[in-house]
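Structure first, commentary second.
In this text the structure is predicted, and so the values were computed from the model without any measurement. Chain A is the first sequence line, chain B the second, and so forth, proteins listed ahead of strands; every chain is numbered from 1.
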Amino acid sequence: MSDQAEKILVCVAWPYANGEKHIGQIAGAYLPPDIFARYQRMAGNDVLMVSGSDTHGTPITLQAEQEGIEPAAVVDKYHEMFVEGCLAMALTFDLYTHTDTQNHWDVTQQVFQRHLANEFIYTEVQKQWFDPEAGRFLADRYVEGTCPFCGYAGARGDQCDECGRLYDALELTDTRSKLSGSNELEVRETEHFFLDLGALNEPLLAWVGSGKEHWRSNVLNFTQGQLNLKELRGRAITRDIDWGIDIPLEGYEDKRIYVWYDAVQGYLSAAIEWADLSGGEWQAWWDRDLAPDARHYYFIGKDNIPFHTQIWPGMIMAYNDDSGEREPPLAGLSETAQGLATAGLNLPYDVPANEYLNFGGAQFSTSRGNVIGWNTVLEAYQPDAWRYVLTAMSPESADSEFTWPDFVELVNNELVANWGNLVNRVLGFAYRRFDGAVPQPGPFDPADEAVLADIRAGFESVAALYEAVKLKAALHEVRRLSQRVNQYLNEKEPWRTIKTEPGAATTAVYVALQAIDWLKLMWAPILPHSSEQLHIYLGYTQSLFGRLNTTSIEDARGEHLVLRYDHESASGVWQASSLPAGQLLQKPAPLFAKLDPAEVLGEEWDE
RNA sequence: GGAUCGGUAGCUCAAUGGCAGAGCAAGGAGCUCAUAACUCCUGGGUUACAGGUUCGAGUCCUGUCCGAUCCA
């Protein structure tokens with residue numbers, strides 16, 4: 001950690017722990033931050049990458065009902081499944097946790113208290129369907145009735161399946177409860193807490209109005225377009241449910257904080273949990289006074305843009321507001337989290353939201369059965385093949401379409417042919433003809449100098465693209481540089497000149513090895529597994545990257561699995577190192593498996 | 001209904017208002033170190049549609065069609 005090191009907080013969207021994630025979600029929100037974080041660490045910056053499973057909300061309770069198990073069991077099952085996917089694809093979360101932890105509860109309640117003290121939370125009495133038989137208020141999706149527009153008898157919640165119209169659930173007639181089956185429902189009054197987003201409209205508008213030139217234009221325009229209408233309105237924080245975080249006030253024991261309010265706070269609570277586990281300082285990234293230059297990046301899908309450019313920044317502003325009296329920290333707050341009581345928090349620096357990666361002309365959809373499961377495919381193909389393909393197909397500026405023929409073409413005709421084959425031809429030749437060691441080159445001629453200069457320039461050009469989160473363009477640039485080395489080899493023909501001019505052949509092989517040594521680093525954020533393997537083939541003994549590990553953590557709410565990344569052992573640095581002549585090579589083998597189209601395309605992935 | 005994005009070569013995508021380009025696929029040639037890989041050459045376009053502004057529009061403006069997200 002040098003003095004010039006920047007603090008980069010890489011925030012990754014929190015996936016619901018309610019099922020296997022599909023490759024569209026990975027391409028959109030989970031792989032890009034890992035590539036970005038790996039680059040930033042190699043560039044010498046202090047990266048903290050956090051996320052976790054979202055354990056609350058109806059997606060969880062619905063899944064629990066379907067499987068006939070408790071919500072907590074659903075959470076454990078799919079949280080673990082996601083962690084396994086992260087391990088297989090090597091997503092380097094400094095901490096991947098979940099939201100049903102004591103720490104997250106404490107942080108959420110602390111933020112709630114501050115919002116309340118700062119008067120950005122108000123209460124309002126609403127009318128809602130109540131099921132006397134079940135003794136519970138009914139969320140929209142637990143009410144069924146007759147559509148006020150078309151008279152369809154099976155209309156649900158707030159939208160009719162038959163005519164598609166939206167309405168207030170109170171407009172339904174002949175209602176029944178999907179909870180108890182009772183058709184004697186009552187409309188009762190219930191009091192809830194609201195976040196006063198209306199009061200935050202102006203401050204948010206001012207915030208997005210300056211210094212956001214680096215934002216993707218669709219994200220910025222969308223955000224400004226909405227805020228310009230000045231129609232932000234209060235949003236209910238609480239619900240009459242029993243799965244969720246308790247409200248830290250007396251008299252509200254049968255209500256819970258609803259998922260959207262606590263989930264976005266995970267970026268903060270996970271940093272605190274990371275600090276707790278590692279002995280680090282979360283304030284080094286989060287405290288606006290201690291770390292005013294820390295840059296926070298939020299990697300999300302486009303459906304999440306309003307939450308990360310309006311609601312969460314608004315919540316941070318409401319937290320930072322100094323008009324209210326500072327409450328003492330809540331009794332349960334851990335020592336690590338105590339600083340929250342006085343801290344002001346940093347706002348997002350960038351929100352590089354992606355569009356969707358679709359499949360079969362439509363979005364991936366479990367109900368339609370067109371899902372390519374992440375964990376499933378990682379068992380079948382190399383993680384770096386997926387990382388390459390999903391980056392090449394990355395929906396950075398528009399929805400894109402996944403097809404299996406494209407998958408095969410990208411792996412075979414680009415990854416294997418361009419880069420894998422370059423490595424294989426050079427390493428194989430060098431290992432056989434130079435006694436398994438990096439040969440001692442003679443003086444460089446202009447062609448040698450030129451190719452090395454071109455590749456070396458990648459440490460600038462590729463860096464700029466990673467830095468700007470233009471990952472697809474970064475991939476294209478490194479691929480262009482790989483091709484440059486193939487061109488150089490065809491020009492030099494060391495396999496021919498080794499018989500006539502051994503000195504020139506030796507130098508050409510050295511130059512090609514040196515170029516590969518550098519390209520390995522430029523590929524590394526996208527292709528960490530194979531770059532690591534190539535690093536070993538080239539005779540290095542330290543590893544480029546650190547190690548992932550899982551631990552089970554126990555707290556007052558029970559046990560939870562966490563994924564952590566230990567960067568200490570990483571030696572990969574973003575600079576043109578010098579490949580030592582004489583360094584012993586390891587016997588090489590192809591980095592990537594070529595795919596058999598018939599085999600891949602014959603597979604049935606529908607289920 | 002409102003806000004925003006996208007529609008460019010067979011496919012995937014680029015192009016601060018200034019000669020519409022790249023990779024893959026296709027056709028041809030060279031090479032043989034390499035996973036039938038590599039390199040070179042060629043073909044391929046009414047930039048969704050209709051208007052407008054401009055010396056000049058894929059790009060800016062208006063409208064229409066199609067797709068997507070969010071809000072109501």
Regarding [X], tell me which of base, sugar-phosphate or nothing describes its non-hydrogen contacts under 4.0 Å with the strands shown.
X      : result
A:L197 : nothing
A:S217 : nothing
A:R496 : nothing
A:Y356 : sugar-phosphate
A:N218 : sugar-phosphate
A:F429 : sugar-phosphate
A:I305 : nothing
A:N424 : base
A:S397 : sugar-phosphate
A:E231 : nothing
A:P306 : sugar-phosphate
A:E409 : sugar-phosphate

Which nucleotide of RNA chain B is the first, and which the last, in the 5' to 3' direction, to come under 4.0 Å of a heavy atom belonging to chain A?
-> B:rG2 to B:rA72
Checking A:Y297, A:W215, A:W207 against A:Y349 for ring-ring contact (aromatic ring centres under 6.0 Å, His included), the one that qualifies is A:Y297
The ring-ring contact (aromatic ring centres under 6.0 Å, His included) partner of A:Y30 among A:F36, A:F82, A:F299 is A:F82
Taking only distance into account, with no hydrogens and no angle test, what donor-acceptor pairs under 3.5 Å do side-chain atoms of residues 421-428 of chain A form with protein atoms, sequence neighbours excluded?
from, atom 1, to, atom 2, distance (Å)
A:R425, NH1, A:N486, OD1, 2.7
A:R425, NH2, A:N490, OD1, 3.2

Looking at NE2 of A:H214 and CG of A:L220, how far apart are the two atoms once the value is rounded to the nearest 0.5 Å?
-> 9.5 Å
Side chains of A:E477 and A:S461, donor plus acceptor under 3.5 Å | yes
Can you find a heavy atom in the side chain of A:P32 that is under 4.5 Å from one in the side chain of A:N354?
-> yes
Determine which bases of RNA chain B form Watson-Crick or G-U wobble pairs with both distances under 3.5 Å, and write the result as a 5' to 3' dot-bracket string with | for other-strand partners.
-> (((((((..((((....[..)))).(((((.......))))).....(((((..]....)))))))))))).
[X]/[Y] aromatic ring centres below 6.0 Å:
X      : Y      : answer
A:H115 : A:Y261 : yes
A:W404 : A:F402 : yes
A:Y267 : A:Y298 : yes

